[in-house]
Student: 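The following block contains the structure, expressed as structure tokens.
Whatever order the structure lists ligands and atoms in, that order sets their numbers, starting from 1.
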Amino acid sequence: MDDYIDSVVAKVKERDPGEVEFHQAVREVAESLAPVFALHPEYQEARILERMVEPERVVMFRVPWVDDAGRVQVNRGFRVQMNSAIGPYKGGLRFAPSVNLGIMKFLAFEQVFKNALTTLPMGGGKGGSDFDPRGKSDNEVMRFCQSFMTELFRHIGPDTDVPAGDIGVGGREIGFLFGQYKRLVNKFTGVLTGKRINWGGSLMRPEATGYGTAYFLSEVLMANNDTLEGKTIAISGYGNVGTFFIEKANEFGAKVVTIGDEYGYVYDPDGIKGEKLEFLKPLWTEQRRPAKDYADEFGLEWVEGKRPWVVPCDIAVPTATQNELDGESAKTLVANGLRYIVEAANMPCTPEAIEVFRAAGIPFGPGKAVNAGGVATSGLEMAQNSMRLAWSREEVDAKLRGIMKNIHRACLATAERFGAPGDYVVGANIAGFLKVADAMIDQGVV
Ligand code: 2IT
């Protein structure tokens, strides 16, 4: 069995040697699947895994635009349509200088399993551009978004592919993208999620990833007869996910003491709350400003060139980006008394880090389960758009909470069933895989 899995992973690497993040994501899932293939040879016979690692479609395109100084700029746009077995492609758009095809494919691959876990009818996709939104004016962002959509519009649609935000794409960008899509197709549809609420967005969508992470985390603690009350938490990113995670963690009685970015971190021993949290909320999502500005504003120490994982904490919640927490950081966290870790970002822990947590017996929640509340609420936005109705905050929040509880339960039940009790990675990967794999078998060789 391991030979079969190794051969699929080796083939993926051989085909696209440079796509290291994609290899990492594929390997993590594939390794979890050994007990599935052992019990169910039909998946191997139907070459389900081989089909899952090959995107149904990849679109790459030129995005030319004119900056405020009148100079022509050229970026690259992507949309990876990974799998549509259980619904239209669904997943965010990332605008960040690090974006490349390998990163898009890893994110699209993760999204397939994550979306399956939500129990809503959504396939998986991801897109974006190497455009850097930092230091750009509103007008530059608008012209970029209009150019990006001028190509993307022909590949998406409310029943085909429904993008949303990710790093560097929030309400402002979704607005510009939506406006251009509507102009091009002359239809007002639910083609994007994460819209502002006065024109079709869902209440709670901005909060959903962060709140959902806190709900999942509280379930993990409950499963260990523990609560968030009085816990100290270290996080990294301070965008949409990080700030709303802090808000909900505070409600649960925990204290979040760090944020950071690629340049360093700030330690706030009293916890990020009240006016400090209100200052932090728009810092990245609206202003695209560095984390150091938080330290400067409140007279806190800024630690240059280090990640927050050196700060002692009960719980670590990486909220920024892929591979932001490596094996060394994991060892430091464990040595400093870490008790739980959940990934709010996509694949923020390296395989070495995950191994350290596993060896130490620390419950580890993988991103595709933990952060699924964001896309789940996008699914709820799609449902509301289709009905031409809007649900109240309370209704959406109750649904989100129920979905996160179900995901947590499904992970544990599946892990147990396949001989890895308590292993959220195995549970999430197998539960997501089975749903998509069975749909693919039902639909024939396509
Ligand atoms: O990584 C993710 O799940 C997202 N960026 C959200 C995707 C979505 O369609 O809401």
Student: Mind checking side chain to side chain donor-acceptor pair (under 3.5 Å) for D159 and listing every partner two or more places apart, or none if nothing turns up?
Tutor: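 If we apply the side chain to side chain donor-acceptor pair (under 3.5 Å) test to D159, skipping adjacent residues, there are no hits.
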Student: Flag the pair H408 / Y424 as yes when their ring centroid distance falls below 6.0 Å, and as no otherwise.
Tutor: yes
Student: Output all residues satisfying salt bridge (Lys or Arg N to Asp or Glu O under 4.0 Å) with E54, sequence neighbours left out; order by chain, then residue number.
Tutor: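 If we apply the salt bridge (Lys or Arg N to Asp or Glu O under 4.0 Å) test to E54, skipping adjacent residues, the hits are R15.
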Student: So, D16 and K105, do they make that salt bridge, N to O below 4.0 Å?
Tutor: yes
Student: Just list the N/O pairs, ligand 1 to protein, that are under 3.5 Å apart, with the distance for each.
Tutor:
unit_1   : atom_1 : unit_2 : atom_2 : d
ligand 1 : 1 (O)  : K114   : NZ     : 3.0
ligand 1 : 1 (O)  : K126   : NZ     : 3.0
ligand 1 : 1 (O)  : N346   : ND2    : 3.1
ligand 1 : 3 (O)  : Q111   : NE2    : 3.0
ligand 1 : 3 (O)  : K114   : NZ     : 2.7
ligand 1 : 5 (N)  : K126   : NZ     : 3.3
ligand 1 : 5 (N)  : G165   : O      : 3.0
ligand 1 : 5 (N)  : D166   : OD1    : 2.9
ligand 1 : 9 (O)  : K90    : NZ     : 2.6
ligand 1 : 10 (O) : R205   : NH2    : 2.9
ligand 1 : 10 (O) : S378   : OG     : 2.5

Student: Donor-acceptor pairs under 3.5 Å, side chain of residues 164-172 to any protein atom, not counting sequence neighbours: which ones?
Tutor:
unit_1 : atom_1 : unit_2 : atom_2 : d
D166   : OD1    : K126   : NZ     : 3.0
D166   : OD2    : R94    : NE     : 2.6
D166   : OD2    : R94    : NH2    : 3.1
R172   : NH1    : D138   : OD1    : 2.6

Student: Looking at Y211 versus F245, is the centre-to-centre ring distance below 6.0 Å?
Tutor: no
